[in-house]
Structure formats: C-alpha cells, structure tokens
There are 2 protein chains.
Amino acid sequence: MKKKVTSQDVADYAGVSRTTVSFVLNNVKRFSISPKTAAKVRNAAKELGYVPNASARALASQRAKAIGLIMTRSPEYIATDPFLPQILGGLLDVVKQNGLGLLVEWVEPGQQLRTYLELTRARQIDGMIVMTPREDDTGLKALEEAEIPAVLMGYIPGSNLYSVDIDNVQAAKAAVEHLIELGHERIACITNAARPYTSANQRYEGYKAAIENAGLAFDESLVRYADFNGHSGYDRMKSLLDNNLNFTAVFVASDSVAFGAMAAIRDAGLRIPEDISIVGFDDIPMASYVTPNLTTIQIPAKEIAEQSCHLLIQLMQGDLSQNRAITLPTQLIIRQSTAHLERRP
Amino acid sequence: MKKKVTSQDVADYAGVSRTTVSFVLNNVKRFSISPKTAAKVRNAAKELGYVPNASARALASQRAKAIGLIMTRSPEYIATDPFLPQILGGLLDVVKQNGLGLLVEWVEPGQQLRTYLELTRARQIDGMIVMTPREDDTGLKALEEAEIPAVLMGYIPGSNLYSVDIDNVQAAKAAVEHLIELGHERIACITNAARPYTSANQRYEGYKAAIENAGLAFDESLVRYADFNGHSGYDRMKSLLDNNLNFTAVFVASDSVAFGAMAAIRDAGLRIPEDISIVGFDDIPMASYVTPNLTTIQIPAKEIAEQSCHLLIQLMQGDLSQNRAITLPTQLIIRQSTAHLERRP
DNA sequence: TCATACTATTAACACGCGTTAATAGCCCTT
DNA sequence: AAGGGCTATTAACGCGTGTTAATAGTATGA
C-alpha cells in the first residue's frame with residue numbers, strides 16, 4: 001500500500017501551512033489566498049496525488065458528504081424489485097453531480113426504529129431517502145422528530161416528512177376507467193403488495209373509486225393481495241380463476257405481478273385480451289416486450305429518484321422552503337393487453 | 001436534533017473512564033474488565049442511546065466498516081440492468097450480517113484510474129467489489145498494486161485480482177450445443193454487450209467454439225453486438241433478419257437483449273420457435289413469463305454477490321489463502337423458445 | 001513483612017482535517 | 001517615523017474514537 005498522503009505532506013511540499021492547503025482546496029473565500037500560493041498548493045496536491053481522508057473530513061466538518069438509501073424490505077424482496085435499477089441509476093446520477101456518496105441500507109420490518117436512529121446518530125450520512133415505506137412503520141415518527149433531513153419515496157398519510165410520489169389513487173383510477181370505457185363491468189383487482197404498503201392501499205382505493213364512480217357494483221371477492229413478485233401474481237390470478245368469478249378484465253397494480261397473472265391466464269387456456277383484458281402498473285421495461293404488450297401505467301421512476309435526491313440535498317443545505325410533498329405525473333400506456341369487451345352469447 | 005451522545009457521556013454516566021467504555025463496547029479482551037463494570041457501562045450506553053460516531057471510529061481505527069460496490073457503467077445503463085436487484089440483495093444480506101455498510105459508486109468508463117485510487121485513498125471503504133469490469137479498464141492494474149482488498153464480479157484475463165464469476169465460455173457453449181442438438185446448423189449470435197466487456201467476449205468465444213467443435217461453418221456475418229438492453233436487441237435482430245442470412249436459430253447472450261430480439265422476430269411475422277429458435281442468457285425472472293417461455297442459461301446472481309462479498313470480507317481480514325478465482329456453475333434451462341429444426345421444402 | 005505478579009483502570013496521544021483567532025507583512029497617509 | 005488599514009498566512013484547538021503505556025489496587029507466596 002502506498003503511504004497515505006496527508007494535507008500536511010502537501011503543505012510541506014508546497015512550503016506553506018496545512019491551513020493554507022485546506023483553504024485553497026476547499027475554496028474558502030473568506031480568507032484571500034494569493035493566486036500564486038494557490039497554484040503552488042494545487043500543483044503540490046496533484047503531484048503527490050493527494051486525496052482527502054473522508055472520515056477525517058466528516059469528523060471535522062460534521063458532515064459526511066453522503067446520503068443513505070434506506071429500504072424497508074428484506075433482501076429477498078429487494079432482489080426481485082424491478083424498479084431498483086432505475087431508482088439507483090437516478091440517485092447515483094444526482095449524487096455524483098453533487099459530490100456525494102450513496103450508502104444503501106435495509107431495515108427489517110419491525111426494526112425500523114432502532115436503525116433509523118442509529119443511522120442518524122452515527123452520522124455516516126447527512127440525510128436519507130426512505131424507499132417503500134409502510135404505513136405501520138413505527139420508526140418514521142421518530143425520524144420526523146430527529147431533525148435529520150429525510151425524504152420519503154412514496155407517501156405516508158399523516159406523516160410530516162417530505163415526500164416524492166406519484167398520485168397512486170388517480171393513476172389506478174385512470175387504469176380502471178380505461179377498462180370501463182372498453183365496456184368491462186366485472187373487473188378484478190390484484191394489488192402489488194399487502195395493504196400496509198401505502199402504494200398498494202392507494203391503488204386499491206383508486207380501483208374502488210373508479211368502480212363506484214361508474215355506478216358499477218364493487219365486489220370485494222374480486223380483490224386479491226399479491227406480494228411484489230410474479231410468483232404471487234400467478235398464484236392470485238389462479239385463485240381468481242378457480243373461483244368462477246366471471247370477470248372479463250383485471251387491474252394488476254404491478255407489472256411484475258401482472259406477468260405472473262398473464263401466465264396463469266394462459267395456463268388456464270384463456271386468451272389475452274380476447275377473454276380477459278389486463279392492465280398493469282409501473283411500465284417496467286419488459287412491459288413492452290411480453291406478448292401481448294402490456295397496457296400499463298407509466299411511472300417516472302428515474303425522475304422520482306432524481307427529485308427525491310434534489311429535494312434531500314436542498315434540505316441538507318438548510319433550505320426548508322420547498323413543497324413538503326411533490327407529486328409526479330403518470331401516464332396510461334395503451335398497448336395490446338386490453339380490448340373491447342366482446343359479449344358472448 | 002437531540003444532542004449527540006458521545007462515549008465521554010457514557011463514561012461520566014457510568015462513573016468510569018472513556019477508555020473503559022471503549023473496551024467494554026468493543027469487547028477488547030486484552031484488558032480484562034470486571035463483569036460488574038462492564039454491566040454498568042452497557043447499561044449506561046443503552047440508557048443514553050449511545051451510538052458511536054462512524055467517522056471518528058473510522059478515523060481512529062483506520063477502518064471504515066464499509067465496502068464499496070463499484071459499477072463501471074453510466075447511470076443510464078445501470079438503470080436498465082435487470083440483475084442489479086439480485087446482486088444488491090445478495091450483497092446487502094452478507095454486508096449486514098457482518099456489520100458493514102455498503103457504498104455504491106459508478107465510474108465513467110475512461111475515468112476508472114482516478115476513481116479507484118480516490119476511493120482507495122479516501123478510505124471511506126475498506127474494500128471494493130468491482131462489477132462488470134471491462135478488459136480495457138486502465139484502472140484495474142493500479143488497483144492490483146494498491147493493496148486495497150478488491151474482488152471482481154466477473155473476470156479479466158491477465159488480471160491478478162480476486163474474482164468471482166461463472167464460466168461464460170462453457171455456459172455459452174452449452175447453450176449453442178443445445179441448438180445444435182436440435183438440428184440447427186445456421187445459428188446466429190447476438191452478444192450482450194461490446195467486446196471489451198469480458199463476459200460478452202467470452203460468450204462469443206463459447207458460441208464460436210461450439211460451432212466449430214460441431215464441424216459447422218463459422219460465419220462472422222451472423223454475429224451482432226448488442227448493448228445490454230432490449231432496444232439494442234430489437235435493433236440487432238432486425239439487422240440480422242433484413243440481411244436474409246437464412247439462419248434458423250439464434251443465441252442471444254442476455255435475456256434482456258433477447259426480449260427485444262423476440263419482439264423483432266414477431267414483428268417480422270416469424271414464429272418462435274417454429275421459424276426461429278432462440279436461447280437467452282441470464283435467466284432473469286421475466287424469462288419464465290414471456291411468451292414463449294425463454295430457454296436460457298441460469299446464472300446464480302445472488303450467489304455470485306454473496307460469494308464476492310464473503311471473499312472480500314476474508315481479504316479484508318488479511319486472510320489471503322483463498323482461491324484467486326471462484327467459478328460458479330450455470331445451468332441450461334430448457335423452456336419453450338427452442339425446438340427441433342423443421343426442414344422446409 | 002515485603003516483594004511479586006496479576007487485575008482493573010486510566011491518562012495521554014494519535015487519527016487527518018476544518019476553522020477561528022491571532023500574527024506577520026506591506027503600502028499608504030499624516 | 002509612526003500609526004492605520006489592508007492582505008496573506010499560520011498556530012492552535014476541536015471533532016469523537018481507538019489504543020498504548022503507565023498507574024493504582026489486590027491477592028499470592030516466601
């Protein structure tokens with residue numbers, strides 16, 4: 001290992017004091033440094049390949065120059081999240097532009113309290129983005145009180161935390177209204193996750209609202225709760241089909257889940273969209289490659305990540321004048337998995 | 001913000017010195033502490049909600065208690081990597097078990113040298129896992145020399161770095177041999193990425209070897225180089241089809257790319273597998289949900305991540321007696337996208 | 001009784017950097 | 001020549017923890 005180069009080394013090499021080195025390299029303008037000295041210092045730093053020690057800097061300046069991405073799910077579920085790449089891509093982009101680092105953590109559902117506080121106190125990060133929060137998350141209140149900058153990706157009713165999200169209710173409503181316009185009246189629903197996940201609950205509410213607004217009969221027995229992945233989608237759809245519920249369309253609140261559901265429909269010998277129309281949610285990349293192409297709701301995942309990150313950075317700079325809740329628009333993408341209801345004799 | 005609790009506070013509260021607190025909380029056995037005192041300290045720490053400051057600890061102990069995941073791709077490509085969730089899930093699992101943090105970084109192709117060294121010197125991390133390295137990566141040699149623990153996810157010929165990978169050549173060979181056994185003789189190939197990416201090159205070599213071993217004619221004009229995503233797959237397949245190359249099967253070295261290729265085949269009015277058989281690579285979750293289900297090579301992505309992490313942790317503990325290169329097994333998963341060649345009149 | 005060995009604890013320094021308060025150098029005015 | 005007001009620079013302290021070398025205390029053996 002090459003011997004570590006400290007700012008003292010740079011100072012010696014340039015023939016100035018360590019303080020001067022710090023001023024030059026951090027562009028401290030309160031103390032004017034002559035251009036000649038500054039050049040000497042910069043040159044020395046480059047010559048020696050000086051890289052400031054992050055820990056020491058964090059300790060002295062009281063800021064870690066890093067943010068945390070906190071996921072409230074177990075690795076098992078993280079591994080199957082089709083959105084993660086887009087989220088991460090968006091975050092990494094912004095984070096790097098601002099010279100920050102990104103620390104990824106997950107907390108076991110139930111352990112949130114301890115972990116949020118630990119992360120806060122440990123000061124390894126200056127702020128955090130909480131992904132996929134659950135309404136029953138006990139730690140979020142504590143997070144509000146501790147005044148560490150935090151942004152929710154997603155929304156928790158009643159929480160005072162800053163958040164960036166889509167309007168899940170409206171989006172789900174739009175999806176179901178599309179089916180209604182196509183003449184469907186018995187429309188099933190498979191959520192993306194269990195109800196404590198806000199997004200799942202909101203999409204369910206949107207589904208319900210669309211049904212009721214249209215004067216159709218809402219039937220709870222047409223609803224199933226999936227578990228993020230395609231496997232659960234297959235399972236829930238099978239359950240719907242096995243029960244002879246006589247529906248002609250289904251709203252599936254997640255594309256991943258929808259793919260599983262589609263497989264179940266095919267395995268039952270039914271055709272999409274001739275026998276059953278299906279609308280997804282998310283517009284993950286694969287949605288346009290499956291057969292038939294999936295009609296779905298497009299979520300600007302990357303923008304959500306970017307906006308979250310920008311917001312967090314502003315909070316970290318003490319700028320609190322922002323909107324507490326940012327809502328990003330979604331779009332219904334009509335493809336081939338939905339069709340007019342064909343009345344059968 | 002609650003006032004930060006330092007180890008001094010704990011010491012005062014417990015009526016001992018800060019050193020004792022440190023010894024107790026870090027289980028330093030060289031200096032024996034009486035059980036009574038230890039209990040007093042632990043109790044005080046709990047009472048006050050003491051969480052050690054990560055930066056200070058890192059500075060003093062010369063170890064950051066964190067590892068880095070370095071991706072040599074731009075966020076644009078990161079956003080479309082279907083493997084990322086599995087990798088991340090695997091890493092997070094192991095990382096947490098060992099009380100470490102995970103820092104995610106990306107380096108612009110071409111900027112590797114600077115970034116690897118910066119990360120090394122900054123000491124924000126104790127070791128790093130480099131993902132999807134390229135053969136033309138100039139920074140890896142520097143990484144070898146700097147003696148920071150590092151593990152490659154993937155393999156670079158001629159590199160002395162520790163690595164965890166699958167046998168890409170063998171796996172590709174198995175995929176193509178499957179097609180050959182089905183009677184195909186004109187077999188096209190679309191790689192997952194450009195040649196400088198080792199995995200792309202190795203899969204290409206496997207393809208070539210299988211063709212030649214079987215005594216078939218190798219034809220370079222049947223090869224295209226894709227770019228990770230489905231879009232490029234669509235494009236490359238279209239190029240193959242437009243050129244009237246008369247092939248009956250194709251080996252696509254990435255499922256994502258394969259999905260695009262499948263769409264192109266359908267858009268050309270051809271059927272899978274009746275007109276063209278297709279084998280993918282990766283077995284991403286969607287592979288079993290597309291129509292027809294994709295025959296592909298299964299990669300143990302999560303295990304790769306876990307093994308990489310375990311290996312890295314051992315390196316960080318100074319245990320160098322490990323295998324330099326770990327190779328994990330792959331498996332050909334035969335589904336519905338491949339079929340016997342039907343001789344047309 | 002005294003030296004010895006061992007246990008339990010602590011004072012003090014190091015880690016590398018940011019930053020305030022103080023100092024040295026210099027030109028200009030009176 | 002002396003003071004005044006700049007500008008450029010630095011000594012010195014603090015951030016919170018790990019760790020070594022030294023100290024106080026206590027039991028053991030002759």
Side-chain angles (χ1 to χ4, degrees), chain A residues 1-41 44-45 48-66 99 118 120-124 126, chain B residues 1-41 44-45 48-66 99 118 120-124 126:
Chain A
M1 169 120 37
K2 302 229 182 81
K3 57 213 162 284
K4 52 225 156 197
V5 179
T6 76
S7 69
Q8 183 65 60
D9 296 331
V10 177
D12 293 347
Y13 190 91
V16 298
S17 83
R18 210 172 52 67
T19 308
T20 303
V21 172
S22 175
F23 285 166
V24 171
L25 266 42
N26 294 328
N27 283 320
V28 178
K29 50 200 173 299
R30 247 161 46 72
F31 300 80
S32 39
I33 303 280
S34 72
K36 209 187 74 188
T37 313
K40 226 169 32 181
V41 170
L48 299 177
Y50 170 64
V51 178
N53 178 303
S55 304
R57 183 191 285 239
L59 183 58
S61 68
Q62 299 284 45
R63 54 179 67 204
K65 283 269 192 187
E118 277 191 16
T120 307
R121 302 253 177 81
R123 296 194 145 288
Q124 227 170 0
D126 301 320
Chain B
M1 169 119 35
K2 303 231 182 80
K3 56 213 165 284
K4 51 227 156 197
V5 178
T6 75
S7 66
Q8 182 64 62
D9 297 331
V10 177
D12 292 348
Y13 191 93
V16 299
S17 83
R18 212 174 49 68
T19 308
T20 303
V21 172
S22 175
F23 285 166
V24 172
L25 266 42
N26 294 327
N27 282 320
V28 179
K29 50 201 171 301
R30 246 162 45 73
F31 299 80
S32 40
I33 304 281
S34 73
K36 207 187 75 188
T37 313
K40 226 169 30 179
V41 170
L48 299 176
Y50 170 64
V51 178
N53 179 304
S55 305
R57 183 192 285 239
L59 181 58
S61 68
Q62 301 283 46
R63 56 179 66 207
K65 284 269 191 187
E118 277 191 17
T120 307
R121 301 253 177 80
R123 297 192 145 287
Q124 225 170 2
D126 301 321

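Sequence lines set the chain letters: A, B, ... in the order given, protein chains first and strands last, and positions in each chain run from 1.
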pair A:Asn53-A:Thr6: side-chain heavy atoms closer than 4.5 Å: no
N/O (side chain, B:Ser7) to phosphate O (OP1/OP2, D:dT17) under 4.0 Å: yes
Sugar-phosphate, base or nothing in reach of B:Thr20, heavy atoms under 4.0 Å: base
Between D:dG18 (P) and B:Leu25 (CG): distance, integer Å: 8 Å
Candidates D:dG14, C:dC13, D:dA8 - which lies nearest the side chain of A:Ala60: D:dG14
Donor/acceptor link under 3.5 angstrom from B:Arg63 side chain onto base of D:dG18: no
Residue B:Ser34, side-chain heavy atoms: nucleotide from D:dT9, C:dA8, C:dG18 that is nearest: C:dA8
Any B:Ser22 side-chain N or O less than 4.0 Å from OP1/OP2 of D:dG18: yes
Base C:dA11 to side chain B:Thr19, donor-acceptor N/O within 3.5 Å cut-off: yes
Length of the CD-C1' vector between B:Gln124 and C:dC15, whole Å: 16 Å
Whole-Å distance separating the NZ atom of A:Lys36 from the C1' atom of D:dA8: 11 Å
Phosphate-side-chain proximity, B:Thr6 and D:dG16, N/O vs OP1/OP2 below 4.0 Å: no
Atom-to-atom span, CD of A:Gln62 to P of C:dT19 - whole angstrom: 10 Å
Test item: A:Val41 and A:Leu25 side chains (from C-beta on) under 4.5 Å apart, heavy atoms: yes
For atom CD1 of B:Ile33 and atom P of D:dG18, their distance in whole Å: 13 Å
side-chain contact (heavy atoms from CB on, under 4.5 Å) assessment of A:Thr19 paired with A:Ser22: CA-CA 5 Å; A:Thr19 308; A:Ser22 175; 5.5 Å; no
Residue closer to the 5' end of DNA chain C, B:Leu59 versus B:Ala38 (nearest nucleotide): B:Ala38
For atom CG of B:Asn27 and atom P of D:dT17, their distance in whole Å: 17 Å
Nearest-angstrom distance from the residue atom CZ of B:Arg57 to C1' of D:dT19: 14 Å
Distance test, side-chain N/O of A:Asn53 to OP1/OP2 of C:dC15, below 4.0 Å: no
Touch class at under 4.0 angstrom, heavy-atom based, for B:Val16 against every strand present: sugar-phosphate
Least distance between heavy atoms, B:Tyr13 atom then B:Ala44 atom: CD2-CB, 3.4 Å
Check: B:Asp9 main-chain N/O paired with B:Asp12 side-chain donor or acceptor under 3.5 Å: no
Nearest-Å distance for atom pair CZ/P, residues B:Phe23 and D:dT17: 15 Å
Side-chain heavy atoms of A:Thr20 within contact of A:Lys40, under 4.5 Å: no
Phosphate-side-chain proximity, A:Ser55 and C:dC17, N/O vs OP1/OP2 below 4.0 Å: no
First of A:Ser17 and B:Ala56 reached from the 5' end of DNA chain D, by closest nucleotide: A:Ser17
Contact under 4.0 Å: A:Ser61 side-chain N or O vs C:dT19 OP1/OP2: no
